[in-house]
Protein chains: 2
Amino acid sequence: MATRIQQKNTAAILEAALDVFSTHGFRGATVDQIARAAGLSKPNLLYYFPSKEAIHTALLDGLLEAWLDPLRALDEAGEPLDEVLGYVRRKLEMSRDFPRESRLFANEIIQGAPRIGPYLSGELKDLVDEKSRVIRHWIGDGKIAPVDPYHLFFSIWALTQHYADFDVQVHAVLGSKDIDPYPDAQAHLEAIFTRMLRP
Amino acid sequence: MATRIQQKNTAAILEAALDVFSTHGFRGATVDQIARAAGLSKPNLLYYFPSKEAIHTALLDGLLEAWLDPLRALDEAGEPLDEVLGYVRRKLEMSRDFPRESRLFANEIIQGAPRIGPYLSGELKDLVDEKSRVIRHWIGDGKIAPVDPYHLFFSIWALTQHYADFDVQVHAVLGSKDIDPYPDAQAHLEAIFTRMLRP
DNA sequence: GCCTGTTTTGACCAACAGGTCAAAACCGAC
DNA sequence: GTCGGTTTTGACCTGTTGGTCAAAACAGGC
């Protein structure tokens with residue numbers, strides 16, 4: 001249904017908007033800024049999306065779609081520690097590979113989740129509830145050390161997303177701009193959760 | 001030097017501005033909004049602070065002043081595990097008691113630290129470098145388990161600030177708005193770092 | 001009460017923001 | 001090339017924003 005030009009331009013817009021929204025927040029971003037970053041004029045951009053809000057919504061929808069995948073993959077039938085470590089690894093890879101998406105999400109939450117409140121207490125909470133039961137089963141079976149499942153998940157989110165959201169701080173503290181912190185982070189987090197969950 | 005009215009009004013402005021900036025970010029906040037929240041008219045507010053920027057700067061300066069105190073208190077002469085746990089506790093108390101300050105800081109970092117970049121690679125990095133040496137000494141003496149000091153600090157920041165910055169998400173996932181997550185968080189973090197650092 | 005400095009205000013401005021619109025330019029099928 | 005629909009643009013409108021200013025209102029010491 002969509003022409004070549006449409007595909008190319010909507011993609012360029014979303015790409016540019018992700019850049020701008022993730023670093024300036026919704027209100028801090030201007031349509032003109034996004035348009036220029038996408039190589040279009042403002043009216044031309046508005047030809048593809050009816051409003052600034054619509055671009056932001058499209059971006060968030062696409063993000064939330066994939067946001068839960070790493071957790072969904074946590075498998076009750078697997079080896080408990082490996083499953084958790086796998087989840088941590090996937091989340092950390094998302095921070096590394098999609099830092100802008102992480103910051104877009106972070107912006108939204110910090111500002112009180114005005115647009116994704118229902119998602120948080122809906123889909124997200126449901127999935128976390130479900131996986132928390134899995135964690136509790138594992139604890140009941142003595143497969144992993146007793147731990148509050150909810151705070152376990154909070155810890156995983158905090159530790160992994162930190163490397164995307166606070167990227168600037170991480171690099172500033174580590175000193176050299178060229179260093180990739182992710183290998184060390186990966187080892188560090190693996191050690192943390194291994195020690196935390198070993199029965 | 002400052003009159004009663006000046007003290008009262010500048011305090012009210014900073015208080016209101018903290019509210020507004022921490023939830024909407026710098027560009028998302030409007031001077032009018034801050035003025036109304038402080039119970040003043042916009043020109044009246046501008047009588048006390050020369051610009052929106054000046055209010056924001058005053059707020060950040062005050063914050064950064066106190067931001068490092070919990071880490072400064074980490075004492076090389078103390079019992080290593082207790083010292084780290086004390087730092088974690090202090091940081092978590094800051095998240096609980098000053099969540100708006102934490103979000104103000106988070107907003108700044110996520111947006112690339114346009115105003116506090118020098119602080120990050122200056123004061124902050126220096127202090128972290130110094131305390132990292134302390135951690136390494138403790139490791140060398142076999143007092144705590146070997147761990148990358150920098151990533152240890154990142155972990156502490158991530159885990160404690162998460163409860164302030166992502167407060168909405170925490171409450172949404174936990175379900176009941178009335179529950180105070182901090183007691184559980186405190187116990188959880190204590191357990192994490194104890195297991196992490198026990199030799 | 002009066003006088004001096006402080007505080008407050010309403011009216012105003014220029015810049016910028018999101019968004020509209022009609023007309024022009026462009027594209028590809030025929 | 002020409003024709004229909006698609007794409008792009010410049011000019012424009014309206015509301016908002018940060019900030020100014022002169023004048024009014026208000027202290028509080030005498």
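By convention in this document, chain letters (A, B, ...) are assigned in the order of the sequence lines, proteins followed by strands, and residues within each chain are numbered from 1.
One can place NZ of Lys42(A) at 12 Å from P of dC16(C), the figure rounded to the nearest angstrom. When the P atom of dC16(C) is taken as reference, atom CZ of Arg36(A) falls 11 Å away, rounded to whole Å. For the pair Leu40(B) CG and dT6(C) C1', the computed distance is 14 Å after rounding to whole Å. What separates CG of Asp32(A) from P of dG10(D) is a distance of 12 Å, to the nearest Å. Between the OH atom of Tyr47(A) and the C1' atom of dC21(C) there is a distance of 14 Å, given to the nearest Å. The separation between Leu45(B) atom CG and dT7(C) atom P is 14 Å, rounded to whole Å. One interatomic measurement links the two molecules: CD of Glu53(A) to C1' of dA17(C), which rounds to 15 Å at whole-angstrom precision. Put simply, NZ on Lys52(A) is 15 Å from P on dT20(C), counting in whole angstrom units.
The side chain of Ser51(B) contributes no N or O atom lying less than 4.0 Å from OP1 or OP2 of dG18(D). Residue Ser41(A) places no side-chain N or O under 4.0 Å from the OP1 or OP2 atom of dT8(D).
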Restricting to nitrogen or oxygen on both sides, can you table the protein-nucleotides 23-30 of chain C pairs closer than 3.5 Å?
none

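The cationic atom of Lys131(B) (NZ for Lys, CZ for Arg) does not lie both less than 6.0 Å from the six-membered ring centre of Trp138(B) and within 45° of the ring axis. Stacking of Arg115(B) on the aromatic ring of Phe26(B) is recorded, both the 6.0 Å distance cut-off and the 45° axial limit being met.
With dG19(C), dT9(C), dT9(D) as the candidates, the nucleotide lying closest to the side chain of Leu46(A) is dG19(C). In this structure, the nucleotide among dA11(C), dA11(D), dG19(D) sitting nearest to the side chain of Val31(B) is dG19(D). Nearest to the side-chain atoms of Pro43(A) among the listed nucleotides dT8(C), dG10(D), dG18(C) stands dG10(D). Proximity note for Asn44(A) (side chain, C-beta onward) versus dT20(D), dT9(D), dT17(D): the nearest is dT9(D). For Tyr48(A), the listed nucleotide lying nearest its side chain is dT7(D); candidates were dG18(C), dG19(D), dT7(D). Distance from the side chain of Gln6(B) is smallest for dT7(C) among the nucleotides dT7(C), dT8(D), dT17(D).
Each of Gln33(B), His24(B), Arg100(B) was evaluated against Asp19(B); a single residue qualifies, Arg100(B), per the side-chain hydrogen bond (donor to acceptor under 3.5 Å, both in side chains) test.
Among the atoms of the strands shown, none is found under 4.0 Å from any heavy atom of Ala54(A). Note on Arg4(A): nothing from the nucleic acid sits closer than 4.0 angstrom, heavy atoms only.
For His151(A) and Tyr163(B), the gap between ring centers is short of 6.0 Å. Taking the six-membered ring for Trp and the full ring otherwise, Trp157(B) and Phe166(A) have centroids separated by 6.0 Å or more.
Aromatic ring pairs are classed by plane angle as parallel below 30°, tilted from 30° to 60° and perpendicular above 60°; the pair Phe154(B) and His162(A) is tilted.
Checked for salt-bridge contact, Asp32(A) and Arg36(A) meet the test: a charged N lies under 4.0 Å from a carboxylate O. Of the charged side-chain nitrogens involved, at least one lies within less than 4.0 Å of a carboxylate oxygen, so that Asp129(B) and Lys125(B) count as a salt-bridged pair.
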